[in-house]
Amino acid sequence: MTAEMAAPAWMHEQITAEQYDSWSEEQCAGIEIVDGMVVVSPSASKRHNRLARILANSLEGAAGPDWNADTDFDVRLQDVPLTNRRPDVVVYRADTIDITPTRPEHVLLVVEVVSPGSETTDRIVKTDQYAKAGIAFYWRVEQAATGVPLVYTYVLDPATRAYRDGDVFTGVIKAAAPFAVEVDLSRI
């Protein structure tokens, strides 16, 4: 079996922003583009999706009318080489809902729920990419051995374009800058 038989040719070539923008929603689902190359992600578990949805709903309620919180759409981190990430939850300016692509300047917070196989990417690679893109806040959610999620928060230092460690929450998130939110994650 050759590589061509396993994956279409476009998965072996760098993709430009123009090419990607011409694809249908179905073609873009379940992939990210990193340095112009297609990265296919396996489908998330029901637990993963539920946790992302609960966080998005809670963040939406806490954020007020100026911000939206949603799941499952691209954030265009850079055009050349093309880098699109699909965070599990994105808090973005409400007035940019119809602007495509969503850019870092539209985004306040991205949340990644760590799954088996995404540990290194979520802990290191995405942290660096989101910081370099200028996204102010990053949360990484991990399942602890107890089954109660841990939420690691990071705050951007604009001078260095690197994140500094924020608070770590277990089970219930009581507060998060810049808006207050309470989310009980212990029943996931």
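Since the structure is predicted, the reported quantities are computational estimates derived from the model, not experimental observations. Just so it is clear, the values below take in all heavy atoms, side chains as well, and ignore hydrogens, waters and symmetry mates.
- With contacts defined as side-chain heavy-atom distances shorter than 4.5 Å, the pair Val111/Leu55 qualifies.
- Ile15 and Val40 fall within a single hydrophobic cluster, where Ile, Leu, Val, Met, Phe, Trp and Tyr are joined by side-chain heavy atoms under 4.5 Å apart, directly or via other members.
- Atom CG of Asp74 sits about 4.5 Å away from atom CG of Asn84, to the nearest 0.5 Å.
- When all heavy atoms of Arg140 and Val114 are compared, the pair lying nearest together is CG-CG2, 3.5 Å.
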Worksheet item: Does the side-chain contact (heavy atoms from CB on, under 4.5 Å) test come out yes or no for Ile33 and Val39, once each step is laid out?
Response: CA-CA 6 Å; Ile33 309 293; Val39 178; over 6 Å; no

Item to complete: Go through the steps to decide whether Tyr92 and Leu108 satisfy the test side-chain contact (heavy atoms from CB on, under 4.5 Å), and finish with yes or no.
Response: CA-CA 6 Å; Tyr92 61 98; Leu108 176 67; over 6 Å; no

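- Two residues are said to be in side-chain contact when any heavy atoms from C-beta on lie closer than 4.5 Å; Asp72 and Arg86 meet this criterion.
- Between the NZ atom in Lys126 and the CD atom in Glu32 there is a gap of 4.0 Å [rounded to 0.5 Å].
- Of the possible donor and acceptor atoms, none in the side chain of Ser118 sits under 3.5 Å from a partner among the backbone N and O of Thr121.
- Distance OG1/Thr100 to NE2/His106: 9.5 Å, rounded to 0.5 Å.
- In terms of modelled atom types and a separation under 3.5 Å, the side chain of Arg53 and the main chain of Thr71 share no donor-acceptor contact.
- We find the OG1-CG distance between Thr16 and Asp79 to be 10.0 Å, quoted to the nearest 0.5 Å.
- Looking at Thr102 and Val107, their side chains come closer than 4.5 Å, going by heavy atoms from C-beta outward.
- The closest donor-acceptor contact from the side chain of Gln78 to the backbone of Pro81 lies under 3.5 Å.
- When all heavy atoms are compared, the tightest approach of Ala162 to Ala131 is CA-CB, 4.0 Å.
- Ring geometry, Tyr163 versus Tyr138: the interplanar angle falls under 30°, so the pair is classed parallel (tilted spans 30 to 60°).
- With values rounded to the nearest 0.5 angstrom, Asp88 atom CG is found 5.0 Å from Glu112 atom CD.
- Side-chain N or O atoms of Thr96 include none that pairs as donor or acceptor with a backbone N or O of Ile99 at under 3.5 Å.
- Taken together through direct or relayed side-chain contacts under 4.5 Å among Ile, Leu, Val, Met, Phe, Trp and Tyr, Val155 and Trp67 form part of one hydrophobic cluster.
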Worksheet item: Taking it one step at a time, do Val141 and Val113 satisfy side-chain contact (heavy atoms from CB on, under 4.5 Å)?
Response: CA-CA 5 Å; Val141 181; Val113 177; 4.3 Å; yes

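- Annotation: side chain of Val89 is in contact with side chain of Leu59 (closest heavy-atom distance under 4.5 Å).
- Under the 3.5 Å distance criterion, the side-chain polar atoms of Thr153 are matched with a main-chain donor or acceptor of Asp167.
- In this structure, the side chains of Leu51 and Asn49 stay at 4.5 Å or more apart for every pair of heavy atoms.
- Contact record, Ala94 with Pro65: CB-O, 3.5 Å, taken as the closest heavy-atom pair.
- Val125 and Tyr130 fall into different hydrophobic clusters, where Ile, Leu, Val, Met, Phe, Trp and Tyr side chains are chained together by heavy-atom contacts under 4.5 Å.
- At a threshold of 4.5 Å between non-hydrogen side-chain atoms, the residues Pro158 and Arg161 do not count as touching.
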Discussion item. Could you walk me through whether Val34 and Arg85 satisfy the side-chain contact (heavy atoms from CB on, under 4.5 Å) test, starting with their C-alpha distance in whole Å, then the side-chain angles of each, then the deciding distance to 0.1 Å, before giving a yes or no?
Written reply: CA-CA 8 Å; Val34 179; Arg85 285 295 189 180; 3.4 Å; yes

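- Neither side chain, Asp165 nor Tyr152, offers a donor N or O lying under 3.5 Å from an acceptor on the other.
- You'll find the side chain of Ile135 stays beyond 4.5 Å of the side chain of Leu156, heavy atoms only.
- Of all heavy-atom pairs spanning Val110 and Pro87, the tightest one is CG1-CG, 3.7 Å.
- Under the 3.5 Å distance criterion, the side-chain polar atoms of Glu60 are matched with a main-chain donor or acceptor of Ala69.
- Cluster annotation: Val168 is connected to Tyr154 through the hydrophobic network of ILVMFWY side chains, with a link wherever side-chain heavy atoms come within less than 4.5 Å.
- In this structure, a donor-acceptor pair under 3.5 Å is absent between the side chains of Tyr20 and Arg76.
- In this structure, Pro149 and Glu142 have side chains that are not in contact, with every pair of non-hydrogen atoms separated by 4.5 Å or more.
- Interatomic distance, Leu150 CG to Thr170 OG1, rounded to the nearest 0.5 Å: 4.5 Å.
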